[in-house]
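Atoms within each ligand, like the ligands themselves, are counted from 1 in listed order.
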Amino acid sequence: MQSTLTTKSIKGATPIVPLTPDDLKAWLKNAEPAAKRWVEASDFEAKPDTHCLIPGQDGKMAKVLSGIRDPGDPFCLARLTTALPRGSYYISAEWDTPVMERATLGWALGGYRFTRYKRADQELARLVVNDGCDAKRIQDLVEAVFLIRDLINTPAEDMMPEHLAYAVKDLAAEFDAVVSETVGDALIEENYPAIHAVGRASVHEPRLIDLRWGNPDRPKVTLVGKGVCFDTGGLDLKGANNMRLMKKDMGGAAHAIALARLVMSAGLPVCLRLLVPAVDNAVSGSAFRPGDVLATRKGLTVEVDNTDAEGRLILCDALAEGASEAPDLMIDFATLTGAARVALGTDVPAMFCNNDALAENLLRASEEIHDPVWRLPLYAPYKELIESTVADIVNSASRPFGGAITAALFLDAFVPAAIPWAHFDLMAWSIKSRPGHPEGGDAMGLRAVFEYLCNRYDHA
Ligand code: BES
Ligand code: ZN
Ligand code: ZN
């Protein structure tokens with residue numbers, strides 16, 4: 001159990017009473033006079049993300065009032081994890097189980113700290129998991145999100161392609177899955193030319209990591225994640241500001257790995273495949289160049305207009321391989337474009353999908369569990385922007401407008417229309433701390449997709 005959660009009894013724990021400003025008015029009507037005076041003297045108005053400690057007659061803490069906006073929001077109590085004094089608490093509210101589980105999850109996610117290189121300074125408060133909540137389901141989600149955060153926050157020097165492979169192998173060992181790897185020059189022999197071209201300049205060999213789990217008779221679900229362990233931009237070198245956060249460019253891989261973990265831990269009745277093309281987009285004498293024409297696994301030739309549009313190059317080989325087995329469903333995650341962040345900001349992943357029913361169900365799951373995702377179109381007329389005069393397609397559009405769409409259209413060229421496919425272009429990083437989301441690597445859209453998979457396969 002995560003250290004900020006406990007399944008012990010609520011005996012001796014302090015109740016947390018979540019209140020909207022309107023709820024507070026009703027609460028005050030029934031409150032003891034001393035508590036009422038205390039709340040008023042504290043100027044507590046139950047604004048979201050504020051709280052008020054209420055002492056009992058004996059001067060000990062009797063309860064915590066916590067201002068919220070929307071109980072459905074998983075992060076409505078998440079600021080308390082680090083704001084409350086040490087000790088045990090429980091949520092005292094007449095909430096449905098899903099709402100209670102989400103708030104409990106949000107609490108735990110608020111307790112994340114990246115401790116690989118620096119010890120945590122403060123002991124955190126603990127929340128008792130309410131009766132009726134599924135502690136394992138909450139714990140699985142916490143572990144998945146913490147895995148994403150740890151993988152992304154770990155600096156590139158300690159999170160190179162070989163380290164991503166260790167992470168996948170650890171996972172395989174835990175859940176009895178099988179992993180294979182195609183590394184370095186074997187990528188050429190096995191026909192993954194684009195992954196090789198992007199990764200060949202680094203002393204850390206590029207690779208395709210391939211995990212399989214589950215009964216082959218079950219519907220095949222294939223997850224793909226962009227694993228650019230560091231994105232210098234290549235010969236089209238990024239400036240210092242734009243390069244600073246590029247240890248996070250394996251954030252898509254982190255999402256695919258964590259989602260695979262959720263699927264296996266829940267034992268979803270699917271046949272799972274996880275593909276992680278992992279490279280270090282580095283600069284050296286052997287780097288691929290602007291103007292080069294690359295071969296790809298699918299057989300399409302690609303003109304390299306810009307070596308900084310490397311994510312779509314490694315993904316196109318992985319997607320072509322994934323598609324070759326005609327899965328029931330293929331989903332990829334990638335920190336693919338700055339343009340997606342211009343369109344939707346840092347917190348909302350862009351989703352592209354070649355199948356309307358799939359898209360609608362993903363969006364419904366996203367709404368249901370309050371994990372935002374926004375659909376953008378695979379607008380076919382923009383394909384013109386990625387036409388090349390010397391090759392079948394070019395990796396960076398001739399005009400910058402709609403950059404997330406042209407990137408998604410590039411990927412689309414490698415996925416047969418008959419395979420239901422969703423592509424997530426995400427930030428994978430919280431640029432500033434907010435409740436439940438400490439600054440740093442972060443999960444975005446993960447819960448939405450997992451909820452969708454559970455709806456589709458578990459309740460079938
Ligand atoms: N990893 C970046 C995209 C990125 C940057 C995602 C910042 C999130 C935050 C990607 O490899 C890249 O550099 N894309 C270029 C593409 C362009 C050259 C067509 C971009 O978005 O500018
Ligand atoms: Zn790039
Ligand atoms: Zn990149």
- request: Name the closest protein heavy atom to atom 2 (C) of ligand 1, giving the residue it belongs to and the distance to 0.1 Å.
  value: Asp231 OD2, 3.6 Å
query: Does an N or O anywhere in Gly338 fall below 3.5 Å from an N or O of ligand 1?
result: yes
message: Which atom name would you report as the N, O or S atom of Asp249 nearest the Zn ion (ligand 3)?
response: OD2
- prompt: Of all the non-hydrogen atoms in the protein, which one sits nearest to atom 8 (C) of ligand 1, and at what distance?
  reply: Lys248 NZ, 3.1 Å
- prompt: Is any side-chain N of the basic residue among Arg375 and Asp356 closer than 4.0 Å to the acidic one's carboxylate O?
  reply: yes
- prompt: Any N/O/S atom of Lys226 sitting less than 2.8 Å from the Zn ion (ligand 3), backbone or side chain?
  reply: yes
message: Using a 3.5 Å distance criterion without hydrogens, assess whether the side chain of Thr182 forms a donor-acceptor pair with backbone atoms of Ala186.
response: no
- request: Please indicate whether any nitrogen or oxygen in Asp308 is less than 3.5 Å from any nitrogen or oxygen in ligand 1.
  value: yes
query: Can a protein heavy atom be found under 4.0 Å away from atom 13 (O) of ligand 1?
result: yes
message: Is it true that Asp280 and His204 share a donor-acceptor pair across their side chains at a distance under 3.5 Å?
response: no
field: ligand 1 atoms in contact with Asn306 (distance to a heavy atom under 4.0 Å)
entry: 18 (C)
- request: For Arg312, counting its heavy atoms only, list the atoms of ligand 1 lying under 4.0 Å from any of them.
  value: 16 (C), 19 (C)
query: Are Lys169 and Glu162 within salt-bridge range, i.e. N to O under 4.0 Å?
result: no
- request: Before signing off on this row, confirm whether Glu310 and ligand 1 have an N or O atom pair separated by under 3.5 Å.
  value: yes
field: Donor-acceptor pair between Asp392 and Thr301 side chains, under 3.5 angstrom
entry: yes
- request: Could you check Asp425 against Arg312 for salt bridge (Lys or Arg N to Asp or Glu O under 4.0 Å), going step by step and ending with a plain yes or no?
  value: CA-CA 11 Å; Asp425 188 339; Arg312 63 197 78 179; over 6 Å; no
message: So for ligand 1, is Asp249 a polar contact partner (N or O within less than 3.5 Å, distance only)?
response: yes
- line: The angle formed at the Zn ion (ligand 2) by O of Asp308 and OD2 of Asp231 is about (to 10 degrees) 170°
Electrostatic pair Lys226-Asp332, nearest N-O below 4.0 angstrom: no
message: Check this for me, if you would: do Arg116 and Asp150 make a salt bridge, where the nitrogen-to-carboxylate-oxygen distance has to be below 4.0 angstrom?
response: no
query: Is the closest N or O pair between Lys226 and ligand 1 shorter than 3.5 Å?
result: yes
task: Among all protein heavy atoms, pick out the one at the shortest distance from atom 19 (C) of ligand 1; state its residue, atom name and that distance to 0.1 Å.
output: Ser396 OG, 3.4 Å
- line: Atoms of ligand 1 under 4.0 Å from any heavy atom of Met246, numbered from 1 in the order shown, are 1 (N), 5 (C), 7 (C)
task: State whether the shortest distance between N or O atoms of Lys238 and N or O atoms of ligand 1 falls below 3.5 angstrom.
output: yes
message: Tell me the nearest of Thr307, Leu426, Leu336, Val198 to atom 3 (C) of ligand 1, using heavy-atom distances.
response: Leu336
Atom name of the N, O or S atom in Glu310 that lies nearest to the Zn ion (ligand 2): OE1
